[in-house]
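The block underneath contains the structure these notes are about, expressed in structure tokens.
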Amino acid sequence: MAQFQSLPGFREFYPDALARRNHIFRQWRRAAHAYGFSEYDAPVLEPLDLYKRKSGDEIEAQLFSFTDKGGREVALRPEMTPTVCRLVGAKANALKRPIKWCSIGEFYRYERAQKGRERAFFQFNCDIFGEPGPEAEIELIGLLVQSLAGFGLGPADFYVRLSDRTLWLHYLASLGLNEDQAKAVLGAVDKYEKVGDEAFKTYTETFGELAGETKAKILAFLGIKSLSALEAVLTPVGGEALAARLADWRKLLNGLAAMGLGEYIEVDFGVVRGLAYYTGFVFEAFDRKGELRAIAGGGRYDDLVEKLGGPALPAVGFAIGDVTMGLLLEQRALMPTFGPTTDVYVVIGGEAERTAAFLDIAGLRAAGYRVDYPLKELAFGKQFKAAAESGAKLALIYGGDELAKGVVKFRDLSDRSEHEIPRASVVEAVRDYFTTGGTA
RNA sequence: GCGGCCAUAGCUCAGUUGGUUAGAGCACAAGAUUGUGAUUCUUGGGGUCGCGGGUUCGAAUCCCGUUGGCCGCCCCA
């Protein structure tokens with residue numbers, strides 16, 4: 001048994017696990033590039049205050065934070081949003097709008113690991129800065145769907161629940177609640193699906209019992225699952241701001257429908273996302289079976305860049321985590337199996353032939369082919385077995401008989417046919433084989 | 001931070017009421033086989049039974065603690 005173990009919640013990626021992780025990253029990047037997002041990266045270690053400023057002092061309990069040798073209070077980043085706000089904020093005036101940025105990075109949270117949650121995990125973050133209207137949400141939610149659909153997941157596998165904190169706050173204000181009361185209600189709404197009426201406990205303790213009629217209206221609003229139901233509730237309330245917001249909703253849903261994504265989207269005012277910094281549309285992606293924690297989450301945060309010291313800059317973003325993503329792909333059998341990747345296996349007769357083989361191996365590798373060979377002298381039988389296991393489509397045989405004639409035996413491992421080729425044309429012969437689909 | 005379950009080889013596990021030197025399959029390696037691939041046979045390496053303490057003539061087995069894992073609560077940016 002090893003004397004040292006990895007820290008709790010920190011994963012080790014053996015080659016097969018890393019291949020799966022890379023597969024996830026590859027699909028994410030493909031989607032982001034297709035949507036015209038630029039990839040950036042930033043430090044893993046940040047000033048502790050960056051996170052306190054955004055989330056309050058309580059956040060420190062859930063951070064990997066410490067004092068560095070220079071006496072600085074620092075923390076391993078638990079999320080990307082404050083960092084990207086700083087990056088964009090610092091150069092906001094020089095960046096072409098809209099600013100569409102993405103990143104893949106590792107994040108760290110000092111929390112107890114459980115299913116779908118580790119202490120170190122990777123996130124795919126995508127944000128659009130500088131666009132206040134729902135056009136940004138259309139683009140971003142479109143990317144979110146594509147980032148999941150790219151793996152072969154369909155509307156039967158996942159969906160995006162869409163809600164709106166702006167409308168929630170408008171509606172609660174129309175019910176006569178002040179700002180603090182409204183925030184407390186949103187906290188209750190966030191929990192309501194899970195714990196039911198118990199969710200209002202905190203509100204009741206702080207502000208007293210909600211009037212029965214008000215509470216009934218809140219619960220009805222929470223149950224809204226369509227634009228028409230939303231309009232039915234809000235039209236009587238009236239007002240210009242509400243009318244404009246409903247127009248935003250129509251634009252957003254029509255836009256997503258026009259992209260062919262309607263099947264993935266569900267209006268659901270039970271989603272509010274507890275975080276106070278969200279200011280408008282909020283959304284979460286879930287698996288349809290409801291067995292996993294949220295796959296992705298996001299929303300609009302128009303005040304955060306300014307709060308963190310930048311200019312006023314509207315923003316909307318989302319993040320997908322690698323842990324739940326991986327679980328979902330395994331569950332739906334959409335995670336490919338990754339084996340060794342070799343194009344050509346070189347069979348070497350003995351030490352005398354090794355030197356000659358090395359020259360051609362180096363030439364093939366320089367030409368970009370993935371070439372492998374036994375590091376030690378090995379019986380032919382073993383070498384062919386190794387060749388088959390390597391996944392190579394082609395074996396080149398450097399034996400004493402062949403080299404004496406100035407040739408190499410060229411064996412197609414898929415149909416076991418073989419012929420001799422002049423040594424001088426090894427690279428050309430391999431290139432011909434692979435460019436003609438492996439049937440040369 | 002709190003609670004439940006678990007911990008034997010790289011992996012999956014067996015190990016009787018506590019009793020010789022802790023086993024199997026898979027995987028890995030070598031040979032049978034000195035020029036041609038999945039099979040078969042033989043052999044081998046690999047364990048202070050998570051760690052520490054206690055009970056006992058004797059502990060993988062019973063007790064306590066601890067660390068780690070899984071699951072849940074809190075939280076979930």
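Just so we're on the same page: letters track the sequence lines, and every chain starts at 1.
Regarding contacts with the backbone of B:rC75, a side-chain N or O of A:Lys191 is found under 4.0 angstrom from either OP1 or OP2.
Residue contacts for A:Gly297: at a heavy-atom cut-off of 4.0 Å it reaches no nucleic acid atom on any strand shown. The residue A:Glu418 sits close to a base: some heavy atom pair falls under 4.0 Å.
Rounded to whole Å, the separation between the C1' atoms of B:rC13 and B:rC49 comes to 13 Å. B:rU56 and B:rC64: their C1' atoms are spaced 16 Å apart (whole Å). With P as the reference atom, B:rG45 and B:rG35 are 29 Å apart, rounded to whole Å. Between B:rC28 and B:rA9, the two C1' atoms lie 12 Å apart (nearest whole Å). Distance noted for atom P between B:rC6 and B:rC63: 11 Å (whole Å). The separation of B:rU20 from B:rU67, taken at their P atoms, amounts to 33 Å, rounded to a whole angstrom. A gap of 9 Å separates the P atoms of B:rA22 and B:rA60, to the nearest Å. Taking atom P on both nucleotides, B:rG68 is separated from B:rG50 by 16 Å, rounded to a whole Å.
For A:Lys52 and A:Glu73, the salt-bridge test fails: no basic side-chain N is under 4.0 Å from an acidic carboxylate O. Contact check on A:Arg11 versus A:Glu106 returns no salt bridge, with no Lys/Arg side-chain nitrogen under 4.0 Å from an Asp/Glu carboxylate oxygen. A salt bridge between A:Arg86 and A:Asp49 is absent, with no side-chain N of the basic residue lying under 4.0 Å from a carboxylate O of the acidic one. Of the charged side-chain nitrogens involved, at least one lies within less than 4.0 Å of a carboxylate oxygen, so that A:Arg300 and A:Asp302 count as a salt-bridged pair.
Applying the 3.5 Å distance criterion, the base of B:rC76 shares a donor-acceptor pair with the side chain of A:Arg293. In this model, a side-chain donor or acceptor of A:Arg411 finds a partner on the base of B:rG37 within 3.5 Å.
Side-chain rings of A:Phe269 and A:Trp249 approach one another, their centers coming within less than 6.0 Å.
Comparing B:rC76, B:rG31, B:rG35 by their closest approach to the side chain of A:Glu402 singles out B:rG35. Comparing atom distances between the A:Lys409 side chain and each of B:rG35, B:rA38, B:rC76 picks out B:rG35 as nearest. Of the candidate nucleotides B:rU36, B:rC76, B:rA38, B:rC76 has the atom nearest to the side chain of A:Arg117.
Nucleotide B:rG58: unpaired (no Watson-Crick or G-U wobble partner with both distances less than 3.5 Å). The pairing partner recorded for B:rA22 is none, the criterion being a Watson-Crick or G-U wobble arrangement whose two distances lie under 3.5 angstrom. Under the Watson-Crick or G-U wobble criterion, with both distances below 3.5 Å, B:rC73 is paired with B:rG1. When both distances must be under 3.5 Å, the Watson-Crick or G-U wobble mate of B:rA7 is B:rU67.
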Quiz prompt | Under 4.0 Å protein heavy-atom contact, by nucleotide of nucleotides 66-71 of chain B - B base, S sugar-phosphate only | solution = --SS-S
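Under the stacking criterion of a centre-to-centre distance below 5.5 angstrom and an interplanar angle below 30°, A:Phe380 is not stacked against the six-membered ring of B:rU36.
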Practice problem: Check the pair A:Tyr40, A:Phe129 against ring-ring contact (aromatic ring centres under 6.0 Å, His included), reporting the backbone distance first and the verdict last. | Solution: CA-CA 14 Å; A:Tyr40 65 93; A:Phe129 296 88; 8.6 Å; no
Practice problem: Mind running ring-ring contact (aromatic ring centres under 6.0 Å, His included) on A:Phe25 and A:Phe122 for me, showing each step along the way? | Solution: CA-CA 9 Å; A:Phe25 289 3; A:Phe122 291 87; 5.3 Å; yes
I'd like a table of donor-acceptor pairs (distance under 3.5 Å, sequence neighbours excluded) in which one partner is a side-chain atom from residues 199-207 of chain A, with atom names and distances.
from: A:Thr204; atom 1: OG1; to: A:Phe200; atom 2: O; distance (Å): 2.9
from: A:Thr206; atom 1: OG1; to: A:Thr202; atom 2: O; distance (Å): 2.9

